[in-house]
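Residue numbering restarts at 1 for every chain, and letters A, B, ... go by the order of the sequence lines.
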Protein chains: 2
Amino acid sequence: MDKVTIMDVANEVGVSKTTISRYLNGHFDRINAHTREKIKQAIDEMGYVPNQQARTLKAKHSHLIGLVVADMANLYSSFLIRGIQNVLREHDYSLLIVDSANSLTNEKKALTQLMASNVDGIILQPLSVNSQDYQFLVESNTNVVLVDRQTRPTVWSSVTADNFSASREMALALAKQKYQRIIFISLASDSSTTHALRYEGLQKVAQQKSILLDALEVTDNDLTDLDRLLKATPHTKTALFAVNGQLLIACLQWLQEHHYVIPNDIGITGYDDSELGAVLSPGISTIDQNPQEIGQATARLLFEYIGGKRGHEDAEVASKLTLRHSF
Amino acid sequence: MDKVTIMDVANEVGVSKTTISRYLNGHFDRINAHTREKIKQAIDEMGYVPNQQARTLKAKHSHLIGLVVADMANLYSSFLIRGIQNVLREHDYSLLIVDSANSLTNEKKALTQLMASNVDGIILQPLSVNSQDYQFLVESNTNVVLVDRQTRPTVWSSVTADNFSASREMALALAKQKYQRIIFISLASDSSTTHALRYEGLQKVAQQKSILLDALEVTDNDLTDLDRLLKATPHTKTALFAVNGQLLIACLQWLQEHHYVIPNDIGITGYDDSELGAVLSPGISTIDQNPQEIGQATARLLFEYIGGKRGHEDAEVASKLTLRHSF
DNA sequence: CTGTTAGCGCGTTCAA
DNA sequence: TTGAACGCGCTAACAG
């Protein structure tokens, strides 16, 4: 059952393959309406589908977009992908996905691989903050849009959540409840701009309202240090702020094990990827980044780049704050 | 900054492109050790990466695997992808992913698209139980392995969770706790073999132990019918069994809103994708499918197919039951 | 409106 | 051990 080629169709209809090619690429003004109809029929009957790689070889686009996510085992990635696909579908593009799994080696390999596949553009959730680590990508002249995180100094457009302002909003809500102290909990391994911005959002409010702001850097979700931190200032109304969904869960578990009652003994809030906040009792006040919309915005931006050569742009997608009863 | 081609490397080294090609494909026995070294250096210096599509055009493999997932917005998909990528990495393959988003139209389009991209194999989480719906795929002679679900009648190998036995195990645990009634909660829209097998797992135990087994089919996570069902038999020790993570969450929320206390008033268990069971209080007893391992097993099976032409096989990956305190 | 011709980058006979 | 020449399936001048 050999694949049917453009030549087969041409023979069937009795024209040259050029005509078929014109049909495929929508140059209808250069084809007789009658032959056009015959071509359409032949294609349907024979089940002909043009060979993508042969097309790419000639034309300068592959109809392929590459995506490199930092950590696939994550609902954020899922929704991001779904968002991207939503707009790729409209443009008839396919998505090549690679999981760098938080390894720089993997990431570099992934990027090279994507370039070798002649992708028309790359969406990258970068592992490094340092633009120099992507020098080879810059030189290759590939269309790149960063997502979720940025690199320094600025070289590519990016789409991120409104990390600073969303965190500030949440801090404001905390302030309104007379919290005197916020413990910002993040991963020691993570030096992304994203997490820095979230911290700064809190910081801004903390300064204005004279709230104590501590930062706890954690490895492997190990929260043992939290105990000491909490006991150091026993009579201070304290809230935890988890910088991502994974840590939020870890905190919740830790609090439960240590018999803290939320929100009586301690307040908690943070970023949530899995809509956990709604299920848990008491409802947890959380920030939802809207990854699906981020994905869509990123893909759109990339297409504008590929198409009309649009200038640099750092877009922010609004997060959704849901206030429940965890503080 | 034009891409460097095999010709450029050939000129640099001062040999013909044939020799370079031989080097690329590992035919070292046909190259002088000296020129071989020179080629290696030139490639490194020039940063040459062979053009994938040009390669594919000639050779009969694209080093591309296609994946069609039923619903991307799901942790199951994430882990599945991660598992698949783990083994693709070893084989130097790329992954083309499409989200059929529970739409048969999308799925068909996705499959066609993948075939047009000359993927060497397809991993499909099928939306339809009916093999006839994939007739075009069968005819195309593509290497296909089904994942998570099967189609009838059997045409392709598959890798799924051990739905029947895991559900049976859980039912056994329920029986041990003297539950008199189990309500199986599933989506009305879902007619997959997967869910059927889970039901049958429960059924087996229900018959042996004279437990009442009801099935509640739900639309849009709307559980209003559950109320009536529960009130019909007030003094029967009842447990809910949610067929997937989404429904488990929905049930949990519903119970909370209706002030049921777990496990005193009612027991609950089911399939969980998001490791929710551990965080919620009281810990929920759940079944975890191990999607990452399923992904790995699927990819391996596919490669065995592509390579040595292995026979039909329906593999099952063991799920993990975690008993906590929800019944 | 249509066909002829010449590659895109690479792999592969067939000769040397 | 190496190279010349052809073709994979398709697109894009350039003629007609």
Side-chain angles (χ1 to χ4, degrees), chain A residues 1-40 42-43 46-64 92 113 115-120 140, chain B residues 1-40 42-43 46-64 92 113 115-120 140:
Chain A
M1 201 124 329
D2 257 7
K3 297 236 170 84
V4 22
T5 79
I6 198 174
M7 202 49 193
D8 299 330
V9 182
N11 288 334
E12 178 72 19
V13 182
V15 295
S16 86
K17 58 191 181 129
T18 309
T19 309
I20 311 293
S21 174
R22 292 209 178 96
Y23 175 88
L24 293 176
N25 294 292
H27 301 157
F28 298 132
D29 50 334
R30 309 175 131 277
I31 311 178
N32 181 339
H34 180 59
T35 50
R36 175 175 161 185
E37 193 52 39
K38 283 177 73 176
I39 292 175
K40 183 178 161 60
I43 288 182
M46 308 175 74
Y48 167 68
V49 182
N51 179 317
Q52 282 307 320
Q53 16 271 102
R55 265 186 144 165
T56 304
L57 208 53
K58 203 54 192 164
K60 272 317 173 199
H61 50 273
S62 59
H63 275 234
L64 240 40
D92 251 340
Q113 198 180 51
M115 287 166 53
S117 302
N118 289 319
V119 291
D120 293 345
S140 79
Chain B
M1 197 121 334
D2 256 8
K3 298 238 168 85
V4 23
T5 77
I6 197 173
M7 204 49 194
D8 300 329
V9 181
N11 288 333
E12 178 72 18
V13 182
V15 295
S16 85
K17 62 192 177 114
T18 308
T19 309
I20 311 294
S21 173
R22 291 208 179 98
Y23 176 87
L24 293 176
N25 295 290
H27 300 156
F28 299 131
D29 50 334
R30 310 177 130 274
I31 311 179
N32 182 338
H34 180 60
T35 51
R36 174 174 162 184
E37 193 53 39
K38 285 178 72 175
I39 293 175
K40 182 178 161 62
I43 287 182
M46 309 177 73
Y48 167 69
V49 182
N51 178 317
Q52 281 308 320
Q53 16 272 102
R55 266 188 142 167
T56 305
L57 209 52
K58 239 355 216 184
K60 272 319 173 198
H61 51 272
S62 58
H63 274 234
L64 239 40
D92 251 340
Q113 199 181 48
M115 287 167 52
S117 302
N118 289 321
V119 292
D120 293 345
S140 79

Between A:Thr35 and B:Arg22, whichever has its closest DNA chain C nucleotide further toward 5' is A:Thr35

Look at the side chain of A:Asn32 and decide which nucleotide, out of C:dT2, D:dG3, D:dC8, has an atom nearest to it. C:dT2

Distance from A:Gln52 atom CD to B:Leu57 atom CG, nearest 0.5 Å? 12.0 Å

Side-chain N,O (A:Ser16) to OP1/OP2 (C:dT4) below 4.0 Å: no

Rounded to whole angstroms, how far apart are CG on B:Asn118 and P on D:dC10? 10 Å

Rounding to an integer number of Å, can you tell me how far B:Lys17 NZ sits from D:dA5 C1'? 9 Å

Could you tell me the separation between the NE2 atom of A:His34 and the C1' atom of C:dC1, rounded to a whole number of Å? 13 Å

Identify which nucleotide among D:dG9, C:dC10, C:dC14 has an atom closest to any side-chain atom of A:Asn51, counting heavy atoms from C-beta outward. D:dG9

Can you tell me how far CD1 of B:Ile20 sits from CD1 of B:Ile31, rounded to the nearest 0.5 angstrom? 8.0 Å

Is A:Arg55 close enough to D:dT11 that one of its side-chain N or O atoms is under 4.0 Å from OP1 or OP2 there? yes

Nearest to the side chain of B:Leu57, heavy atoms from C-beta on, is which of C:dG11, C:dT2, D:dG9? D:dG9

Heavy-atom donor-acceptor pair, A:Thr18 side-chain to C:dT4 base, under 3.5 Å: yes

Atom CD1 of B:Ile20 and atom C1' of D:dT2: how far apart are they, to the nearest Å? 11 Å

Nearest to the side chain of A:Thr5, which nucleotide is it out of D:dC14, D:dA5, D:dC10? D:dC10

For the side chain of A:Arg30, counting heavy atoms from C-beta on, which of C:dT2, D:dT2, D:dG3 is nearest? C:dT2

Compare side-chain N and O positions of A:Thr19 against OP1 and OP2 of C:dG3 and report whether any pair is under 4.0 Å apart. yes

Report yes or no: does B:Asn32 contribute a side-chain atom to a donor-acceptor pair with the main-chain N or O of B:His34 at less than 3.5 Å? yes

Ignoring hydrogens and geometry beyond distance, is the side chain of B:Lys58 in donor-acceptor contact with the base of C:dG9 at under 3.5 Å? no

How long is the line joining CZ of B:Phe28 and C1' of D:dT1, in whole Å? 15 Å

Give one of base, sugar-phosphate or nothing for B:Thr56, where a contact means two heavy atoms less than 4.0 Å apart. nothing

Separation of atom NE2 in B:His27 from atom P in C:dC10, rounded to whole Å: 16 Å

OG1 on A:Thr56 to NE2 on A:His63, rounded to 0.5 Å: 8.0 Å

Of the candidates D:dG9, C:dC1, C:dG11, the side chain of A:Ile6 sits closest to D:dG9

In whole angstrom, give the distance that lies between atom CD of B:Gln53 and atom P of D:dG7. 23 Å

Nearest to side-chain heavy atoms of A:Tyr48, which nucleotide of D:dC10, C:dG3, C:dG11: D:dC10

Spacing of OG1 belonging to A:Thr19 relative to CZ belonging to A:Arg36, to within rounding of 0.5 Å: 13.5 Å

Rounded to the nearest 0.5 angstrom, the OG-CE distance for A:Ser16 and A:Met7 is 8.0 Å

Can you tell me how far C1' of C:dT4 sits from CE of A:Met7, to the nearest Å? 11 Å

